[in-house]
Protein chains: 2
Amino acid sequence: MYAQQIAHIDVPVKQSPFALLDEGWAQPVSFFPAGTEIYAQGEKAGPLYHVEFGAVRVYRLLADGRRQISAFHLAGETFGFEADATHHFFAEAINATGVRVLRIAGAADMSRQLLPLALKGLIRAQEHLLVLGRQNAIERVAAFLVDMAERQGGLRQVELPMSRMDIGDYLGLTIETVSRVFTRLKDKGVIRLLGLRSLEILKQDVLLDMGE
Amino acid sequence: MYAQQIAHIDVPVKQSPFALLDEGWAQPVSFFPAGTEIYAQGEKAGPLYHVEFGAVRVYRLLADGRRQISAFHLAGETFGFEADATHHFFAEAINATGVRVLRIAGAADMSRQLLPLALKGLIRAQEHLLVLGRQNAIERVAAFLVDMAERQGGLRQVELPMSRMDIGDYLGLTIETVSRVFTRLKDKGVIRLLGLRSLEILKQDVLLDMGE
DNA sequence: CGCTTGCTTGAGATTTGTCAATCGAAGTGG
DNA sequence: CCACTTCGATTGACAAATCTCAAGCAAGCG
């Protein structure tokens, strides 16, 4: 069900655009085709990953195949914290994705730079707990759309790089429920569907206080 | 509904039992009666907190009062990471609780010590996302009981310092559902209720693969 | 042009929530 | 010491939300 190729292509690049780690930590950009694995649960951890373009999903599986996506990472974002010695999660490219691998494992005082990023991740995860634990389907989708819009610069038009199944596995819903909520928001005039993976927010205020 | 006193008593103590921060960071233990606030959302963040005895809940509220507890912290555990500049969460003593306040805010290279703790918190939060997003009521309660048992040394007898409402708000369930699941586990012979806040695990294996 | 794959829609089943009554332990005052 | 009150927990009956299963639709691709 979650089959994947393990192909990726390394592309040498001169300098990292990742400001915090720019002093000699520049690394080549690796290219991952859609659906390929970036790291797997149980693998030895070490580097962080900076998304140059594309999108990444980080998830965990139950024994019977149920999946929870804990986070999406878009261009410009850094991930790979979900690890102590070994990874506790899987990371996959959703679409064709370029990732800069930051091999900073041994770096002595990088932790001062890393801590704020880790804390931001912690806060995001705990806010997502509120969504999954206490909000209903329409509130979850609203919160998701607001978040995606913000991360794309707050524009009215929002691109969704992921499938309905990915959205469902992120929000703890089935694809059918996600689909019905999209329809409901469309019928209410809150959003306009421009395509399967593109939509326009027509009533941002309504969306905002749905997602609280 | 979540009313609370803001009384606490400072108790001077010689030295911190918190190994990582033992070199001059010893702080007095503050005492918080049951239900009192340790910090509030929006407050300026800074110190970390080490639970000496008792138990703490960290939570967030929606505008209409719905509450999600993101974590419980028992004796020996450290919390207070859920912050960048200001706290995004509330923390309250569940019972009479002693907390050592670790004022390490300015400490230059403390981040090297803190990062592993923050990452552990991040992993815990993301594992909890799987529970809230993809597990049903009985699986959630099973996972909770297994976790509580582990944190109390893996003994068969487990003490629950919190109310059913706290458990519900942690697991994303109502108190009625929590209560029904406890009854169901009791009827199946998986647990034995010794009191409202104390139980014995009779079939650990069953509980373990319920919680996956 | 016809597949394939992902999405949408509908009908019915299941789980969980809501509302209400009762229980029971702990604490209070007579 | 006992009756009374209170508050949290349990239980039941019913309602609502979400899931499951199945059918149909549509965009993208060979």
Side-chain angles (χ1 to χ4, degrees), chain A residues 1-4 33-35 57 62 64-68 94-96 131-142 144 159-188 191-199 210, chain B residues 1-4 33-35 57 62 64-68 94-96 131-142 144 159-188 191-199 210:
Chain A
M1 189 179 193
Y2 300 114
Q4 58 211 205
R57 60 178 167 246
L62 288 172
D64 61 6
R66 281 175 288 175
R67 180 177 71 155
Q68 177 64 42
I94 295 175
N95 297 306
V131 174
L132 295 190
R134 285 294 175 228
Q135 296 197 287
N136 62 29
I138 198 162
E139 291 171 323
R140 294 185 201 197
V141 172
F144 169 71
E159 304 302 321
L160 304 177
M162 70 292 286
S163 67
R164 296 288 187 272
M165 171 152 282
D166 283 338
I167 297 172
D169 284 350
Y170 177 67
L171 297 177
L173 301 170
T174 60
I175 54 176
E176 292 94 333
T177 299
V178 171
S179 182
R180 281 185 250 266
V181 170
F182 271 80
T183 303
R184 210 129 66 87
L185 289 173
K186 186 193 67 185
D187 292 348
K188 282 187 176 184
I191 61 173
R192 195 158 66 93
L193 299 171
L194 305 174
L196 283 179
R197 302 204 172 183
S198 178
L199 59 86
M210 271 179 175
Chain B
M1 187 177 194
Y2 300 117
Q4 57 212 208
R57 59 179 168 244
L62 288 171
D64 61 5
R66 282 176 287 176
R67 180 178 71 155
Q68 177 64 41
I94 296 174
N95 297 306
V131 174
L132 295 191
R134 285 296 175 225
Q135 297 197 285
N136 62 28
I138 198 162
E139 292 171 324
R140 293 185 201 198
V141 172
F144 169 71
E159 303 302 320
L160 304 178
M162 69 292 286
S163 67
R164 296 289 187 272
M165 170 154 283
D166 284 338
I167 297 172
D169 284 351
Y170 177 68
L171 297 176
L173 302 170
T174 60
I175 53 176
E176 292 94 335
T177 299
V178 171
S179 184
R180 281 186 251 267
V181 171
F182 271 80
T183 303
R184 210 131 66 86
L185 289 174
K186 186 192 67 182
D187 292 348
K188 282 186 176 185
I191 61 172
R192 194 157 68 94
L193 298 172
L194 305 174
L196 283 178
R197 301 203 171 183
S198 180
L199 59 86
M210 269 176 175

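Lettering follows sequence order; numbering is per chain, from 1. These numbers come from a predicted model, not from an experiment.
Here the CD-CG distance, from B:E159 to B:L199, works out to 8.0 Å after rounding to the nearest 0.5 Å. Interatomic distance, B:K188 NZ to B:L185 CG, rounded to the nearest 0.5 Å: 7.0 Å. One finds the OG1 atom of B:T183 at 5.0 Å from the NZ atom of B:K186 (value rounded to the nearest 0.5 Å). To the nearest 0.5 Å, the span separating OG on B:S179 from CG on B:L196 amounts to 9.5 Å.
Nucleic acid contact class of B:G172 (heavy atoms, under 4.0 Å, all strands): sugar-phosphate only.
Residue A:L173 places its side chain closer to D:dC19 than to any other of C:dG10, D:dT11, D:dC19. When each of C:dC7, C:dT16, D:dT10 is scored by its nearest atom to the side-chain atoms of A:S163, the top-ranked nucleotide is C:dC7. When distances run from any side-chain atom of A:A137 to the nucleotides C:dT18, C:dT8, D:dT18, the shortest one goes to D:dT18.
Between the base of C:dG6 and the side chain of A:R197 there is no donor-acceptor pair shorter than 3.5 Å. The base of C:dT9 lies outside donor-acceptor range of the side chain of A:R184, with no N or O pair under 3.5 Å.
In this model, the phosphate group of C:dT8 is approached by a side-chain N or O of A:R164 to a distance below 4.0 Å at OP1 or OP2. Contact check, B:T177 against C:dG17: a side-chain N or O comes under 4.0 Å of OP1 or OP2. Listed pair B:T174 / C:dT16 fails the phosphate criterion, with no side-chain N or O lying under 4.0 Å from OP1 or OP2. Residue B:S179 places none of its side-chain N or O atoms closer than 4.0 Å to OP1 or OP2 of D:dT11.
In this entry the distance linking CG of A:L193 with P of D:dA27 reads 12 Å, nearest Å. In this entry the distance linking NZ of B:K186 with P of D:dT10 reads 8 Å, nearest Å. Distance, B:E139 CD to C:dT15 P: 11 Å, rounded to whole Å. Atom CG in B:L196 sits about 8 Å away from atom P in C:dA25, given to the nearest Å. For the pair A:R180 CZ and D:dC19 P, the computed distance is 9 Å after rounding to whole Å. Atom C1' of nucleotide D:dC19 and atom CE of A:M165 are separated by 13 Å, given to the nearest angstrom. The distance from atom CZ of A:F182 to atom P of C:dT9 is 12 Å, rounded to the nearest whole Å. For B:R140 and C:dT15, the CZ to C1' distance is 11 Å, given to the nearest whole Å.
A:M165 places a side-chain heavy atom less than 4.5 Å from the side chain of A:R67. The shortest distance between side-chain heavy atoms of A:T174 and A:R180 does not fall below 4.5 Å.
For the helix from C:dC1-D:dG30 to C:dG30-D:dC1, the axis fitted to the five pairs at one end and the axis fitted to the five pairs at the other end meet at an angle of 30° (nearest 10 degrees).
Between the A:R66 side chain and the B:R134 main chain, a donor and an acceptor come within less than 3.5 Å of each other. In this structure, the side chain of A:N95 engages the main chain of A:P161 through a donor-acceptor pair within 3.5 Å.
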